[in-house]
Amino acid sequence: MYPDCNRLFVYGSLRSGFRNPAYNYLTKYFDLQGEAVVQGKFYDQGEYPVAIPFDGPAYISGELYEVKNKEELPWALEQLDDYEGLNVTSGKNARYRREIVTAYKDAEPFEAWIYWFNEDVTGLKEITTGDIMQYLQQQNKPG
């Protein structure tokens, strides 16, 4: 059911700096390996930034995790699928899709699962920093 990919790349609300309650779930099943990047672009869709794949010279920053127990990977991913809204009712489109990408940690490539935004980004503002944490800090600066 799942290719032999035991890593997860997160770039948004599941990053350690967000202090999201779901982060406790993530760390129950995955160990943080460190900061990493993948090819892609960020967009500001209002409520929260979203990411899409991009084959050009654009990278998004995030964190790379490795599953603690390979037998628990299908269960852990199913729970994350639910958190990311992949489990939708018939006739509805999921806002995200899970795919395998190449993540680079210290310039070394690793295969990892990622949740990409699954909707059109036309008209959304591109976040050129490539880092949601940095972008949100800039947004919160008094101006």
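Atom-to-atom distance recorded for L73:CG and E78:CD is 10.0 Å, nearest 0.5 angstrom. Within the model, atoms CD1 of I127 and CG of D44 stand 5.0 Å from one another, a figure rounded to the nearest 0.5 Å. Within the model, atoms CZ of R7 and CZ of F110 stand 5.5 Å from one another, a figure rounded to the nearest 0.5 Å. Remark: L8 CG to I100 CD1 distance equals 11.0 Å, nearest 0.5 Å. Atom CG of L64 and atom NZ of K105 lie 7.5 Å apart (nearest 0.5 Å). In this structure, the separation between CG on N93 and CG on N118 is 7.0 Å, given to the nearest 0.5 Å.
Taking the side chain as every heavy atom from C-beta outward, Y96 and L86 approach each other to under 4.5 Å. Put simply, the side chain of Y43 reaches to within 4.5 Å of the side chain of I52, judged on heavy atoms. Looking at V121 and Q45, their side chains never come closer than 4.5 Å, going by heavy atoms from C-beta outward.
In this structure a side-chain-to-backbone donor-acceptor pair under 3.5 Å is missing from D106 to E108. Side chain of R97 to backbone of F117: a donor-acceptor contact under 3.5 angstrom is found. Using modelled atom types, no side-chain atom of N6 and backbone atom of E66 make a donor-acceptor pair closer than 3.5 Å. For W113 (side chain) and C5 (main-chain N/O), a donor-acceptor pair under 3.5 Å exists by modelled atom type.
For A103 against F9, the heavy-atom pair with the smallest separation is CB-CD1, 4.2 Å. Of all the heavy atoms in F42 and S61, the pair that sits closest is CZ-O, 4.1 Å. The two atoms that bring F54 and A58 nearest to each other are CD2-CB, 3.6 Å, heavy atoms only. Residues L26 and L80 approach most closely at CD1-CD1, 4.2 Å, considering heavy atoms.
Hydrophobic clustering of Ile, Leu, Val, Met, Phe, Trp and Tyr side chains at less than 4.5 Å, counting indirect connections, unites Y23 with L77. By the criterion of side-chain heavy atoms lying less than 4.5 angstrom apart, applied directly or through intervening Ile, Leu, Val, Met, Phe, Trp or Tyr residues, I60 is not grouped with V37; the two fall into different hydrophobic clusters. W116 and Y104 end up in different hydrophobic clusters when Ile, Leu, Val, Met, Phe, Trp and Tyr side chains are linked at under 4.5 Å.
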task = Would you check, one step at a time, whether the test salt bridge (charged side-chain N to carboxylate O under 4.0 Å, His left out) holds for R95 with E119?
result = CA-CA 6 Å; R95 294 198 79 194; E119 295 181 4; 3.1 Å; yes
task = Could you check Y115 against D81 for side-chain hydrogen bond (donor to acceptor under 3.5 Å, both in side chains), going step by step and ending with a plain yes or no?
result = CA-CA 9 Å; Y115 289 90; D81 286 355; 2.7 Å; yes
task = List the steps and the verdict of side chain to side chain contact (heavy atoms under 4.5 Å, CB included) for Q79 and Y25.
result = CA-CA 9 Å; Q79 303 312 302; Y25 172 82; 2.8 Å; yes
key: Evaluation steps, side chain to side chain contact (heavy atoms under 4.5 Å, CB included), between V38 and I114   = CA-CA 9 Å; V38 300; I114 191 172; 3.9 Å; yes
key: Intermediate values then yes/no, salt bridge (charged side-chain N to carboxylate O under 4.0 Å, His left out), K41 and E126   = CA-CA 7 Å; K41 287 187 173 187; E126 183 179 343; 3.8 Å; yes
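With respect to the salt-bridge test (charged N to carboxylate O, under 4.0 angstrom), the residues E72 and K70 do not qualify. Note on R15 versus E35: salt bridge recorded, some NZ/NE/NH1/NH2 to OD/OE distance being below 4.0 Å.
Side-chain contact, E63 with S16: a donor N or O sits under 3.5 Å from an acceptor N or O. A donor and an acceptor atom, one from each side chain of Y11 and D131, are nowhere located under 3.5 Å apart.
The local environment of CG in N24 is crowded, with over 12 non-hydrogen atoms from other residues, nucleotides or ligands closer than 6.0 Å. Counting heavy atoms of neighbouring residues, nucleotides and ligands inside a 6.0 Å radius, atom NZ of K28 does not exceed 12 of them.
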